[in-house]
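Chain identifiers are assigned alphabetically (A, B, ...) following the order of the sequence lines, protein sequences preceding nucleic acid strands; residue numbering begins at 1 within each chain.
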Number of protein chains: 2
Amino acid sequence: MRRDVTFRSVLKAVSREAGWEILRAVAEGPTRFTYLEKNARVSPRTLSERLKELTELGLIERVAYPEVPPRVEYTLTARGRTVIEILGALEEVL
Amino acid sequence: MRRDVTFRSVLKAVSREAGWEILRAVAEGPTRFTYLEKNARVSPRTLSERLKELTELGLIERVAYPEVPPRVEYTLTARGRTVIEILGALEEVL
DNA sequence: CAGGATCCAATTGGATACTG
DNA sequence: CAGTATCCAATTGGATCCTG
């Protein structure tokens, strides 16, 4: 279920709880759920929701490895990189 | 009562209901309450809140003229112009 | 004209416990 | 490990009516 990738929806997602932190963490390299849970100080409920949102918006990508125990990594997409760069520029000047 | 002007709070304000529309309308030139109420399709309650928020964030400025009937105009600040330009660039590429 | 006050419905997110 | 389910409190915004 792909959601409409509008300017507004991207802004909303990023400005929500832990949205920006998660995006930036993933931009550093493949990132896992548990790492984010600790590092972004966010409840699993919200983290899960945010990851799904950012994925549906095409800013990050979910890759699951068929291992035991399960391993899932999130990586930045090209679109995500664009968003990071532009919003990062805004963050700089504010 | 000045609120902390952080990257996050600016993103939030702009991504909220009618936030971006209001900012862009004001960027066109001095803008009045009633004009925005009709043009941004927003309830007076939300419009009032958003204007206060954008003002406290230093993105727009409120100028009241001591006339009867009262006239109030909102104009863009330099900071507001910066935000418009950067976010506008993001809107372009999405 | 430019809002403020009130009431209400929907959305959002924390805490916690549980599962494939 | 990577989430999901549930319950609950706070936030947000529409509709409507009122006022300096």
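Partners of B/E91 by salt bridge (charged side-chain N to carboxylate O under 4.0 Å, His left out), not counting sequence neighbours, listed by chain and number: B/R24. Contacts of A/R71 classified as salt bridge (charged side-chain N to carboxylate O under 4.0 Å, His left out), with partners at least two apart in sequence or in another chain: A/E67, A/E73. Under the rule for a side-chain contact (heavy atoms from CB on, under 4.5 Å), the partners of B/A25 that lie at least two apart in sequence or sit in another chain are B/L36. With sequence neighbours left out, A/S15 forms a side chain to side chain donor-acceptor pair (under 3.5 Å) with B/S15. The salt bridge (charged side-chain N to carboxylate O under 4.0 Å, His left out) search around B/E17 returns none, not counting sequence neighbours. Residues satisfying the side chain to side chain donor-acceptor pair (under 3.5 Å) test with A/R45, not counting sequence neighbours, are A/E49.
At whole-Å resolution of the value, CG in A/L51 and P in D/dG3 are 7 Å apart. For the pair B/E37 CD and D/dC17 C1', the interatomic distance rounds to 13 Å; values are reported in whole Å. One interatomic measurement links the two molecules: CD1 of A/I60 to C1' of D/dA2, which rounds to 14 Å at whole-angstrom precision. Following rounding to the nearest Å, B/K52 (NZ) and C/dA2 (P) show an atom-to-atom distance of 16 Å. Regarding A/K38, its NZ atom lies at a distance of 15 Å from the P atom of D/dG3, rounded to whole Å. Distance, B/L54 CG to C/dG3 P: 13 Å, rounded to whole Å.
Through side-chain heavy atoms spaced under 4.5 Å, either directly or across other Ile, Leu, Val, Met, Phe, Trp or Tyr residues, A/V68 is tied to no other residue.
Distances shown here put every side-chain N or O of A/Y74 at or beyond 4.0 Å from the OP1 or OP2 atom of D/dC1. Contact annotation: A/R71 side-chain N/O to D/dA2 OP1/OP2 distance is not under 4.0 Å. The phosphate of D/dA2 has OP1 or OP2 within less than 4.0 Å of a side-chain N or O from A/T34.
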Got a list of protein N/O to nucleotides 12-16 of chain C N/O distances below 3.5 Å?
residue	atom	partner	partner atom	Å
C/dT12	OP1	A/R16	NH2	2.3
C/dG13	OP1	A/E17	N	3.2
C/dG13	OP2	A/R50	NH2	2.7
C/dG13	N7	A/R45	NH1	3.3
C/dG13	N7	A/R45	NH2	3.2
C/dG14	OP2	A/S43	OG	3.1
C/dG14	OP2	A/T46	OG1	2.4
C/dG14	O6	A/R45	NE	3.0

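Looking only at side-chain heavy atoms (C-beta outward), B/S9 and B/T6 come within less than 4.5 Å of each other.
When each of A/P69 and A/S48 is assigned the nucleotide of DNA chain D with its nearest heavy atom, A/P69 is the one assigned upstream, toward the 5' end.
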Only distances under 3.5 Å count here; give the side-chain donor-acceptor pairs of residues 78-90 of chain A to other protein atoms, sequence neighbours excluded, each with its distance to 0.1 Å.
residue	atom	partner	partner atom	Å
A/T82	OG1	A/A78	O	3.2

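One axis for each end of the helix from C/dC1-D/dG20 to C/dG20-D/dC1, each built from five base pairs, and the angle between them comes to 60° at 10° resolution.
Here side chain to side chain donor-acceptor pair (under 3.5 Å) pairs that include residues 34-43 of chain B, with residues two or more places apart or in two chains, are B/Y35-B/N39, B/S43-B/T46.
Contact check of residues 19-30 of chain B against DNA chain C (heavy atom, cut-off under 4.0 Å) returns no residues at all.
The backbone N or O of A/E61 lies less than 3.5 Å from no partner atom in the side chain of A/T77, so there is not a single donor-acceptor pair.
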